[in-house]
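Computed over heavy atoms, backbone and side chain alike; hydrogens, waters and symmetry mates excluded. Order of the sequence lines sets the chain letters (A, B, ...), proteins ahead of strands, with each chain counted from 1.
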Number of protein chains: 2
Amino acid sequence: MPMRQTFDETTDPSFGRQHAPLIRQAMALQGLDGFVIPHEDEYQNEYLPAANDRLAWATGFTGSAGAAVLLKDKAAIFVDGRYTLQVRDQVDTELFEVRDLVEGGVPAYLAAEAKAGWTIGYDPKLHSPDALERLRTAAATAGAALKPVQPNPLDTAWGLARPAQPQAPVTPHPAQFSGEDSAAKRERVGKSLAEQGADAALITSPASAAWLFNIRGGDVIRSPLPLSQTILAADGTARLFLDPAKVTPDLPAWLGNAVTLEPPEALAGALVDLTGQRVLVDPAESSAWFFEALERAGATVVRGADPTALPRACKNAVEIEGARQAHIRDGGALARFLRWVAVDAVRDLPGEPDVVRKLEGFREATGALKDLSFDTIAGAGPNGAIVHYRPTQRLARRLETGTLLLVDSGAQYLDGTTDVTRTVAIGEAAPEMRQRFTLVLKGHLALARVRFPAGTTGSALDALARTPLWACGLDFDHGTGHGVGSYLGVHEGPQRISKLPNTVALKPGMIVSNEPGYYKEGGYGIRIENLQVVTEPVMINGGERPMLGFETLTLAPIDRALIVVDMLTPEEHAQINAYHGRVLSVIGPTVEPDVRAWLEGACAPL
Amino acid sequence: MPMRQTFDETTDPSFGRQHAPLIRQAMALQGLDGFVIPHEDEYQNEYLPAANDRLAWATGFTGSAGAAVLLKDKAAIFVDGRYTLQVRDQVDTELFEVRDLVEGGVPAYLAAEAKAGWTIGYDPKLHSPDALERLRTAAATAGAALKPVQPNPLDTAWGLARPAQPQAPVTPHPAQFSGEDSAAKRERVGKSLAEQGADAALITSPASAAWLFNIRGGDVIRSPLPLSQTILAADGTARLFLDPAKVTPDLPAWLGNAVTLEPPEALAGALVDLTGQRVLVDPAESSAWFFEALERAGATVVRGADPTALPRACKNAVEIEGARQAHIRDGGALARFLRWVAVDAVRDLPGEPDVVRKLEGFREATGALKDLSFDTIAGAGPNGAIVHYRPTQRLARRLETGTLLLVDSGAQYLDGTTDVTRTVAIGEAAPEMRQRFTLVLKGHLALARVRFPAGTTGSALDALARTPLWACGLDFDHGTGHGVGSYLGVHEGPQRISKLPNTVALKPGMIVSNEPGYYKEGGYGIRIENLQVVTEPVMINGGERPMLGFETLTLAPIDRALIVVDMLTPEEHAQINAYHGRVLSVIGPTVEPDVRAWLEGACAPL
């Protein structure tokens with residue numbers, strides 16, 4: 001059974017005062033005057049197992065990005081704009097000066113605060129080569145030296161209190177879900193290596209291994225990732241480095257003769273076997289240690305994108321059909337949940353944890369839920385305006401009449417990963433809420449219906465979701481869409497729909513979210529999120545060039561009470577009615593009569 | 001008086017057969033087995049003086065981008081997709097194999113066709129450092145050596161037949177047009193150098209010198225550029241390297257004591273004075289010769305954007321007001337011209353050259369025309385579908401009833417540069433033409449009315465001009481907008497509205513074109529182009545964040561007969577009527593009664 005969402009806090013602001021002295025003690029034994037603590041672990045993953053959340057243990061901060069520096073006489077924590085409130089809530093700021101992660105960041109701090117002659121340690125497995133280069137320059141500016149250290153003094157300090165490394169079983173992910181066997185994947189990725197002039201690739205992303213070998217694990221909560229590393233040769237053979245404790249009985253036969261299973265300790269030795277070879281490594285994904293180890297081994301490092309990233313992002317027909325089925329199943333749970341909100345919650349006005357549990361219960365009742373795809377965000381009233389909110393006992397609010405409830409949630413099913421946000425009115429919404437909801441909806445609809453030629457990037461489409469807000473002097477401070485895996489990470493590259501430049505074209509089979517929003521600090525939050533899959537190029541009647549487009553996967557009603565119909569163009573009006581018609585016709589037959597009756601009203605034409 | 005547009009061809013396909021043997025003779029004397037001929041000259045300009053159009057002299061090809069390679073036994077010419085038809089029309093393809101400039105390009109040709117031991121020559125003043133690096137790698141692949149040569153063997157072959165270098169007088173560009181004196185510009189650009197840690201900048205772009213010193217020249221047709229080079233020190237003093245024959249009596253006093261005027265021959269020696277200094281040079285704008293010369297001189301080269309590019313792009317209040325006045329003046333000429341088309345040309349059905357002359361005459365009659373800003377494109381019927389068309393006696397067509405006429409033109413006035421495209425129906429247009437015109441118009445209107453936050457790039461807005469076409473399976477194969485100078489180049493960076501990624505944010509005062517189109521090969525062409533200036537951020541009523549936007553500068557009616565009113569949203573309908581109302585109220589009072597009467601009809605509400 002999946003692990004149910006909790007509302008506890010896993011850290012508190014005393015962590016720094018408890019743990020920093022222990023780390024400094026270990027640093028002193030290694031002759032270090034400072035030590036850099038990044039959020040990332042050696043898999044450079046967004047989500048970490050508890051055993052690898054070193055930044056949280058050292059400081060109390062649990063955000064998804066950040067860093068800290070412990071000098072012998074002072075310390076600082078670095079977070080980006082999303083976390084400026086949270087960091088002050090979670091971290092003892094008398095101990096840790098709060099700094100901006102992006103502006104200046106760790107390098108500027110080291111350049112200014114390290115003293116000449118000091119030795120600043122870092123764990124080489126936790127930093128990308130580019131990040132390390134910046135740290136090295138900064139330390140040199142201060143006359144200090146940057147030194148790789150083994151063991152990591154924080155790990156020494158954490159000692160026996162550190163949770164064990166996860167050892168979740170790794171199991172086959174059958175062809176009925178993957179749609180392509182591993183040998184075929186390894187052959188085509190191997191060919192692409194040869195085309196780039198590489199003899200092999202070193203792949204350190206667990207999601208890449210999961211896709212390449214058609215396996216799934218459970219080492220990281222909310223993602224079925226098998227923490228592991230891979231060496232793939234251009235001939236399609238591979239070496240998979242995986243803790244033997246995770247190997248299930250079926251696994252060796254599933255992997256076949258062309259894949260050898262080896263323990264993680266064997267990786268360093270295996271790199272030596274690559275002497276004289278040209279080895280592709282992704283500098284955005286693999287830590288500096290791998291680059292240095294390969295160079296020491298006499299291999300030639302070819303810097304380039306993880307060769308599995310693009311093939312993994314472009315889902316095949318089986319995966320797309322799986323995603324459709326997962327969304328129909330999820331849509332049933334969502335219909336039941338939204339009816340419960342509309343009928344029961346508006347009357348009982350429960351707290352956010354009850355909202356989360358209720359939705360989780362409907363998903364569990366499908367009998368197919370493997371896990372949530374992330375902790376549900378249920379933000380009532382002002383909590384809805386906190387983009388990276390997670391309800392805890394301390395922060396949770398009860399629903400209130402006249403406010404909005406924002407629920408962003410998702411599920412992991414064997415056939416697909418879901419991610420959906422709905423914002424609903426609790427009682428009657430104020431005119432401003434309805435006006436802004438409708439602006440967000442207009443942007444969402446524009447990005448859902450757009451047709452575009454091959455070669456178009458997500459960066460080129462991002463503005464479509466924002467122009468209605470921009471026209472009214474409003475905007476939102478997050479990306480418009482991220483890639484989504486197939487029973488894998490709910491955040492997946494390389495495509496992205498964002499203001500930030502991204503040169504990866506949207507290709508058929510890529511699943512992306514479409515999630516514009518609006519947030520009024522201290523007031524309420526609005527977000528409308530569907531997943532949509534890029535469709536094959538087709539000729540439009542009367543047109544000259546094939547155009548790609550999107551098929552919407554998510555099937556759940558959008559709160560009609562929040563839509564100002566007069567603000568819609570005829571095209572938008574028809575589009576929302578058509579979407580609701582589809583939700584009713586597909587989800588209606590899958591739910592009980594009372595839910596269906598409610599759904600009929602929720603999906604009635606505007 | 002400006003030089004009137006001609007309809008002659010300046011080259012013919014015999015050029016290759018006449019000139020290639022002469023170049024090969026000069027190559028042989030210098031011991032070269034091959035020689036690379038880029039389109040660019042030492043100023044890396046888009047428009048070249050005739051004396052520097054080496055590619056045209058060697059091959060006959062007159063496009064704005066390209067290259068050729070002469071080997072001792074074969075030759076090739078390289079053009080991009082825009083010029084695949086034109087190159088076969090202008091060049092002897094028995095002598096020059098036609099290759100793609102982008103796919104593979106010159107490097108792939110050298111790698112495949114050069115022989116081991118060969119010496120391939122190049123003129124180091126004509127290649128950017130990045131381009132040269134690719135050539136060097138390619139030659140090495142073939143076992144050949146790349147060798148800088150002086151003199152350029154093509155110049156030797158051209159000999160006395162080569163036109164003289166232009167020596168147009170360089171004159172002050174007064175404060176009433178520039179709005180900021182040169183000392184102030186040099187001080188703030190100098191400060192920006194210091195902030196980047198540079199002691200000086202080497203600036204080789206003539207447009208940059210024109211802006212920095214508030215001077216204008218006439219060395220390049222259609223642009224008031226003074227061909228020259230500049231060394232700007234961080235303290236705001238400068239050395240300007242300019243042919244003494246161009247120096248007008250007022251110039252030295254205008255430049256003042258902080259700027260020394262030196263002949264171009266003194267530049268090489270001046271670089272030696274930069275020994276030990278950190279010198280900023282733009283690798284996209286300056287040839288490899290400068291980088292190598294600076295390094296030989298013991299200077300440290302800092303690669304970075306031309307420090308005048310961004311300040312030049314952001315027009316000040318005086319320049320913006322000048323642009324408005326230039327567009328009102330130009331709008332009068334356009335109204336007279338468009339009335340002539342609507343009343344006289346539809347009856348007489350003249351040829352394209354007469355259309356060009358007529359428009360030029362109306363602009364000359366303003367008494368303020370300094371030059372056209374580029375040769376007018378008047379494309380009747382199928383010629384309108386050739387994006388880079390220029391009418392010549394051989395290619396020109398007469399107007400025909402039932403076709404479209406596309407006219408893209410612009411003027412250089414002391415107070416501003418204009419660039420406008422109008423497409424008009426000659427007689428009654430077919431329904432397909434009207435439908436596609438309206439799609440182009442919808443895109444144009446979307447990009448004219450958009451509001452956007454600070455930081456938004458032209459790449460982020462490009463899709464707004466295309467989505468109506470995309471929705472119908474159509475698109476156009478050129479950028480949507482380019483920057484425009486203030487009595488300077490009609491194409492100016494660093495901003496751009498394009499599918500191509502561009503990381504430069506649109507800033508207040510930047511002038512950009514808005515020119516979506518549709519082209520039916522062999523049929524007709526449609527383009528609607530206005531210039532628009534980015535406005536200061538303002539708070540929108542009821543909004544929360546200041547938003548930038550555009551003020552449309554171009555004032556000329558858009559052919560109402562080509563607009564399908566039913567295809568417009570109410571917002572678009574109101575927008576086009578408001579634009580026409582503005583054209584009438586601003587231009588109407590400036591023109592004669594018969595033109596005004598016509599304008600009233602052309603600007604009547606739809």
Novice: Check whether the side chains of A:Tyr518 and A:Gln435 place a donor and an acceptor atom closer than 3.5 Å, and report yes or no.
Specialist: no
Novice: Rounded to the nearest 0.5 Å, how far does NZ of B:Lys499 lie from CZ of B:Arg466?
Specialist: 4.5 Å
Novice: Taking side chain as everything from C-beta outward and backbone as N, CA, C, O, which of these in A:Met547 sits under 4.5 Å from a heavy atom of chain B? Side chain, backbone, both or neither.
Specialist: side chain
Novice: Nearest 0.5 angstrom please: B:Arg496 CZ to B:Asn502 CG, how far?
Specialist: 4.5 Å
Novice: Any chance you could measure B:Leu548, atom CG, to B:Arg451, atom CZ, to the nearest 0.5 Å?
Specialist: 8.5 Å
Novice: Using heavy-atom distances under 4.5 Å, tell me whether A:Ser459 contacts chain B through its side chain, its backbone, both, or neither.
Specialist: backbone
Novice: Under 4.5 Å, counting heavy-atom pairs only, tell me which of A:Pro453, A:Gly542, A:Pro546 racks up the most with chain B.
Specialist: A:Pro453
Novice: Give the member of B:Leu469, B:Leu500, B:Asp477 that has the highest number of heavy-atom pairs under 4.5 Å with chain A.
Specialist: B:Asp477
Novice: Output the option from A:Pro501, A:Gly549, A:Ala471 having the highest count of non-hydrogen pairs under 4.5 Å with chain B.
Specialist: A:Ala471
Novice: Against chain B, label A:Asp475 side chain, backbone, both or neither, depending on which of its atoms sit under 4.5 Å from a heavy atom there.
Specialist: both
Novice: Would you call the rings of A:Trp470 and B:Phe452 parallel, tilted or perpendicular, taking 30° and 60° as the class edges?
Specialist: perpendicular
Novice: Distance check, rounded to the nearest 0.5 Å: A:Thr438 atom OG1 versus A:Glu572 atom CD?
Specialist: 9.5 Å
Novice: What part of B:Thr456 lies closer than 4.5 angstrom to a heavy atom of chain A: side chain, backbone, both or neither?
Specialist: side chain
